[in-house]
Q: 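Dumping the structure here so I can ask a few things about it.
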Amino acid sequence: MKKREKICVLMSGGVDSSAVAYLYQKQGYEVIGLTMDILQKRLTDAEKVAKKLGIEHHYVDLHAEFNQKVVEYFIQSYRQGLTPSPCIMCNQEIKLGILAEKAFELGADFIATGHYAKIKDGKLYKGSDPNRDQSYFLFGVKKAIFKKLLCPLADLSKEETRSLAFEAGLEIHNKKDSQDVCFVENGKYQTLFNPPPPCGNIVDKNGKILAKHNGIINYTIGQRRGLNIGGGEILYVTGIDADKNQVVVGSIPDMIKTQITINNINWLGDEEPKDFTCEVKLRSRQQPIPADIHFLDNNTAEVIFKEPVSYGIASGQGCCFFAQNQVLGGGFII
RNA sequence: UGGGGUAUCGCCAAGUGGUAAGGCAUCGGUUUUUGGUACCGACAUUCGGUGGUUCGAAUCCAUCUACCCCAG
């Protein structure tokens, strides 16, 4: 990378992406900032940071795209009894999809983000700290992007990242980390559903009615709280039947699975995908578990766990492949 | 309307004279760029009602009420 190459930083106005912009500017690259407009409120912190750093900054209007690819996907998933993974979808479709394209249109040689993941030789790896690793959220990103993507925070601690922002004199250096569903207030995504979803029954595996639910969108597989069924053993959601508008509950043994099927696979490995053994993550914060991947076709595969999994595995969530520290892609749980 | 039994937090349930365990549920918090899990904390001045015995009762007595079972 030559110093006068142009790096476009995808800026959210948060600590991480701001630190990235500062980092490359400090190193002498030509840096521009790009921020997507998606919500009612414009992320003006990004603009302020860019101004403070003295770098060029642009907004890209992605209201329609975000609405369709993330919000609508989110709503439709829940309506179908699935549990959506909006962050995965946003990364692959919006941030490192359309927004990245805009960056290249603006003449960027590389794009950079504040993701806590490592990119090396066009391949995706875990970030150093397993507790902060965000590579899981990137398994669906198109392979070609990684050749042009920079994620320089992979080896930094959060404190080091914050001190970079502080060093740059940025007000946002102590801004709180983002969490919850970003496109809705306080993570209360239920407000997106209008009209509200219909109430229905909570049943056991034999179909016996145990209680009422206030819409299947409020539940996900493995969920314990909110069932309002007391007196007996601990119950978890073991199934969601959108057709019958029912939530099925049971105990831990009822959740155990030895294999799952995934589709919409995004393959990031070098060679053509074929059956292999690796580790998988079924949610962002969990220890990877060993599994055999058996491809049914290029888009679909069975994932057979070496040990049965006894926590909730929800359809709609991502299953990410890891070979050691490298991310080989992943798919969505059917 | 004869006999027997049971009545303790929303549910289940310890406790039989010494000053209300626990579990589930619920609520709050921690963790977390998705949902969830897990973890931590809170949660009956009161034991169906009313009297009585006792220094002291959810625990003993009386009575009322409700429900259950067996005989009708």
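In what follows, chains are A, B, ... by sequence order, proteins preceding strands, each numbered from 1. Treat the numbers as computed from the prediction; the structure is a model and nothing was measured. Just so you know, these numbers use all the heavy atoms, side chains as well, and skip hydrogens, waters and symmetry mates.
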Q: With rounding to the nearest 0.5 angstrom, report the CG to NZ distance, A/Asp109 to A/Lys148.
A: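 So the gap between those two atoms works out to 6.5 Å.
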
Q: Apply ring pair (Phe, Tyr, Trp, His ring centres under 6.0 Å) to the pair A/Tyr29 and A/Phe110, showing each step before the final yes or no.
A: CA-CA 11 Å; A/Tyr29 294 100; A/Phe110 292 91; 8.4 Å; no

Q: Touch check for A/Ser12, heavy atoms < 4.0 angstrom, all strands: base, sugar-phosphate only, or nothing?
A: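 The residue A/Ser12 makes no contact with any strand.
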
Q: Calculate the interatomic distance between A/Phe66 atom CZ and B/rU33 atom C1'; express it in whole Å.
A: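 In whole Å, B/rU33 C1' and A/Phe66 CZ are 12 Å from each other.
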
Q: Please classify the nucleic acid contact of A/Gln317 as base, sugar-phosphate, or nothing, using heavy-atom distances under 4.0 Å.
A: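 Here A/Gln317 touches the bases of the nucleic acid.
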
Q: Side-chain N or O of A/Tyr189 less than 4.0 angstrom from OP1 or OP2 on B/rG36?
A: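 It does not, given that no N or O in the side chain of A/Tyr189 lies less than 4.0 Å from OP1 or OP2 of B/rG36.
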
Q: A/Asp177 has an atom CG; how far is it from atom P of B/rU33, in whole Å?
A: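 Rounding to the nearest Å, CG of A/Asp177 and P of B/rU33 are 6 Å apart.
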
Q: Decide if atom NZ of A/Lys102 counts as having more than 12 heavy atoms of other residues, nucleotides or ligands within a radius under 6.0 Å.
A: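 No - once you tally the heavy atoms of other residues, nucleotides and ligands closer than 6.0 Å, there are 12 at most.
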
Q: Using a 4.0 Å heavy-atom cut-off across all strands, classify A/Asp180 as base, sugar-phosphate, or nothing.
A: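 Sugar-phosphate contact only.
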
Q: In residues 218-225 of chain A, which residues come under 4.0 Å of RNA chain B by heavy atom?
A: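 Residues of residues 218-225 of chain A that come under 4.0 Å of RNA chain B are, in numerical order, A/Thr220, A/Gly222, A/Gln223, A/Arg224, A/Arg225.
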
Q: If you look at every strand shown and take non-hydrogen atoms under 4.0 Å, does A/Cys182 touch a base, only sugar-phosphate, or nothing?
A: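 Counting heavy atoms under 4.0 Å across all strands, no contact is made by A/Cys182.
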
Q: On a whole-Å scale, what distance lies between the P atoms belonging to B/rG18 and B/rC27?
A: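 One P to the other, the span is 38 Å.
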
Q: Base, sugar-phosphate, or nothing: which does A/Tyr136 touch, judged by heavy atoms less than 4.0 Å apart?
A: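 Base contact.
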
